[in-house]
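Only a predicted model underlies this, so the values are computations on that prediction, with no experimental measurement involved. Chain identifiers are assigned alphabetically (A, B, ...) following the order of the sequence lines, protein sequences preceding nucleic acid strands; residue numbering begins at 1 within each chain.
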Protein chains: 2
Amino acid sequence: MKLMDIFGALKRDMDFIERQLYRSIEGDDELLSETSLHLLKAGGKRLRPVFVLLGGKFGNYDLEKLQHVAVPLELIHSASLVHDDVIDDAGTRRGKPTVKAKWDNKVAMYTGDYIYAKALMLATQLENPELHRILAKAMVQMSVGEMEQIRDFFNTDQSVRHYMLRIRRKTALLIAISCQLGALASDAPAKVHSLLYRYGYNVGMAFQIRDDLLDLCGTEKSIGKPPGSDMRQGNITLPVIYALQEEELREPLLQEIHAIRAEGSEADTSRAIGMILSSPGISRAEQLADRFIAKAMDALECLPESKTRNHLKEIALFVNKRSY
Amino acid sequence: MKLMDIFGALKRDMDFIERQLYRSIEGDDELLSETSLHLLKAGGKRLRPVFVLLGGKFGNYDLEKLQHVAVPLELIHSASLVHDDVIDDAGTRRGKPTVKAKWDNKVAMYTGDYIYAKALMLATQLENPELHRILAKAMVQMSVGEMEQIRDFFNTDQSVRHYMLRIRRKTALLIAISCQLGALASDAPAKVHSLLYRYGYNVGMAFQIRDDLLDLCGTEKSIGKPPGSDMRQGNITLPVIYALQEEELREPLLQEIHAIRAEGSEADTSRAIGMILSSPGISRAEQLADRFIAKAMDALECLPESKTRNHLKEIALFVNKRSY
């Protein structure tokens with residue numbers, strides 16, 4: 001378990017980040033603290049803070065400073081999830097009730113607004129306008145990606161390029177800037193920021209493709225929610241786009257997707273998933289994820305050899321692991 | 001019409017700000033541009049940009065710089081309105097359909113997220129971490145105020161102090177920093193920032209009290225929506241809190257409010273409004289607004305005499321004008 005070793009090496013610092021994360025949402029308002037804490041406690045891998053700290057290792061590593069990057073990035077990620085759950089009408093996330101399910105949509109919306117603002121407030125404690133600018137730009141792109149996602153629900157005519165643009169905004173950018181800003185806040189050389197950005201971008205793309213694959217290939221136990229959730233929401237992911245490119249499969253699969261749309265949130269996706277699994281869609285998506293990981297590795301090769309660089313390699317391999 | 005004179009003096013610059021406001025939401029995404037434009041075109045007095053420009057007159061007035069404060073502040077205000085409309089389930093604002101009514105709640109939520117992020121992105125073009133910090137802090141406070149407002153719906157036991165804390169966050173802070181940041185971005189002396197903040201804070205408090213009075217004392221024609229909207233939403237405003245302090249009125253008014261709550265969004269508020277209008281609640285709220293305006297004037301007295309200072313005086317008087 002090499003990934004455990006990486007987290008092991010960072011454990012003390014990540015424990016500090018975890019505490020600061022909880023502290024960041026204390027004290028303004030009882031309800032907001034409660035909903036935000038509920039959201040943060042639902043957990044997650046804290047991948048973005050890990051990338052910030054690893055990025056920081058390429059410069060003058062200073063945890064006091066890096067917390068003002070790591071905590072905001074995890075908060076921005078969390079805020080986007082709580083707004084996502086409103087859109088997806090999601091009852092659970094990682095096996096726990098969502099804020100919108102435990103409270104309601106309105107509370108979830110303002111919880112997200114609060115956490116976004118809080119993230120920026122913490123980041124602005126660093127006297128670094130460039131960092132503020134990169135963060136705000138990424139938030140714009142994320143919100144564009146989220147709107148695209150709504151508009152593309154059940155759009156079965158979208159291209160691979162279109163899908164990639166969407167996941168770039170939705171996922172890859174925030175991971176890219178996590179790596180970049182860790183280095184930036186630590187005054188690492190500019191060349192290092194941009195290599196880490198490239199690494200993070202490519203890892204983020206692979207990460208989202210793998211996540212989309214998991215929703216089709218995983219089990220309820222392995223993914224913490226019923227498989228096929230994306231299809232029921234109308235989220236047309238890469239393996240589906242590829243499957244729709246198969247001449248003999250296109251029409252029957254379109255019919256299945258239309259039926260799922262008509263049946264709504266309780267729709268049976270097993271036939272559609274069966275079709276996709278038996279198509280080249282899965283392996284083609286896997287190949288594309290592999291290509292992104294290869295590009296991430298290329299970016300790493302240009303960085304000086306170090307323990308940290310090895311850690312980043314291990315994370316890239318972990319992200320791309322077939323866990324279904 | 002002295003207020004017209006002020007806007008007349010600023011007209012060319014405000015036209016520029018208006019164009020930049022429209023430009024700011026162009027080009028990222030067709031739907032987001034459309035919804036954001038719809039929101040901005042619904043208009044408003046552009047009070048926050050006016051305050052930014054007037055604040056700027058106390059230093060080295062530079063419109064190129066000030067746009068990066070004025071546009072973000074109007075955007076933040078607009079984003080808060082579009083999220084407000086989701087919460088209030090509002091069909092119209094200023095006589096026009098809201099984003100949530102013309103599209104839906106999800107589109108309105110992401111439109112707000114986008115405009116917030118865009119506001120920050122524009123503000124970070126100024127190399128001024130202090131300004132970024134003040135802006136982000138105000139956004140945190142605004143989101144806290146919004147959550148408080150939801151939680152306080154139909155809370156008939158709230159104190160005047162509690163109401164004031166809420167409108168401080170909801171309204172006064174953003175107006176306060178509009179005045180302050182205009183001066184800050186123009187390198188006016190620190191003493192001037194804080195006097196302008198004090199002026200803006202007090203004007204903002206009076207502004208919200210007047211707005212709350214208008215909802216009780218205005219007509220559908222004068223306020224662009226049916227009077228009593230606040231009561232139907234459960235928003236307990238200052239005149240209501242004062243009226244509830246009247247011993248012989250408390251019980252019957254509570255009963256009316258409970259009935260309004262039970263009847264929902266179509267409830268008849270005329271009896272409740274009648275009770276409040278015949279109570280000392282209106283004049284006591286007016287007196288409090290007057291006191292805030294007097295404090296705003298005190299802050300102005302400490303500033304050097306100038307045409308701009310006179311303009312700020314006129315705006316304070318205008319805000320406090322009884323237009324019902």
Residue selection (most heavy-atom pairs with chain A, distance under 4.5 Å) from [options]:
options	result
B:M139, B:H132, B:M142	B:H132
B:D113, B:D28, B:N105, B:L120	B:D113
B:K137, B:Q125, B:R151, B:M109	B:M109

Item checked: Shortest non-hydrogen contact from A:Q180 toward A:L196 -> N-CB, 4.3 Å

Next item on the list: Grab the two heavy atoms, one from B:L131 and one from B:A185, that are nearest each other, plus how far apart they are.
Entry: CD1-CB, 4.1 Å

Notebook entry, point to check: Side chains of A:E26 and A:Y22: donor-acceptor distance under 3.5 Å anywhere?
Noted result: no

Notebook entry, point to check: Regarding A:R168 and A:Q208, is there a side-chain donor-to-acceptor distance under 3.5 Å anywhere?
Noted result: no

Next item on the list: Assess whether side-chain hydrogen bond (donor to acceptor under 3.5 Å, both in side chains) is satisfied between B:Y163 and B:D152, documenting all intermediate values.
Entry: CA-CA 9 Å; B:Y163 165 86; B:D152 284 338; over 6 Å; no

Heavy-atom pairs under 4.5 Å with chain B, option from [options] with the top count:
options	value
A:E127, A:K118, A:H83	A:H83
A:T111, A:V107, A:L135	A:V107
A:V144, A:T35, A:L126	A:V144

Item checked: Intermediate values then yes/no, salt bridge (Lys or Arg N to Asp or Glu O under 4.0 Å), B:R169 and B:E148 -> CA-CA 9 Å; B:R169 290 186 165 120; B:E148 282 173 333; 2.6 Å; yes

Check: Around B:E263, counting heavy atoms of other residues, nucleotides and ligands shown, do more than 12 lie under 6.0 Å from its CD?
Finding: yes

Would you mind checking which part of [X] comes under 4.5 Å of any heavy atom in chain B, side chain (CB onward), backbone (N, CA, C, O), both or neither?
X	value
A:L31	both
A:Y114	both
A:E130	neither
A:D104	neither

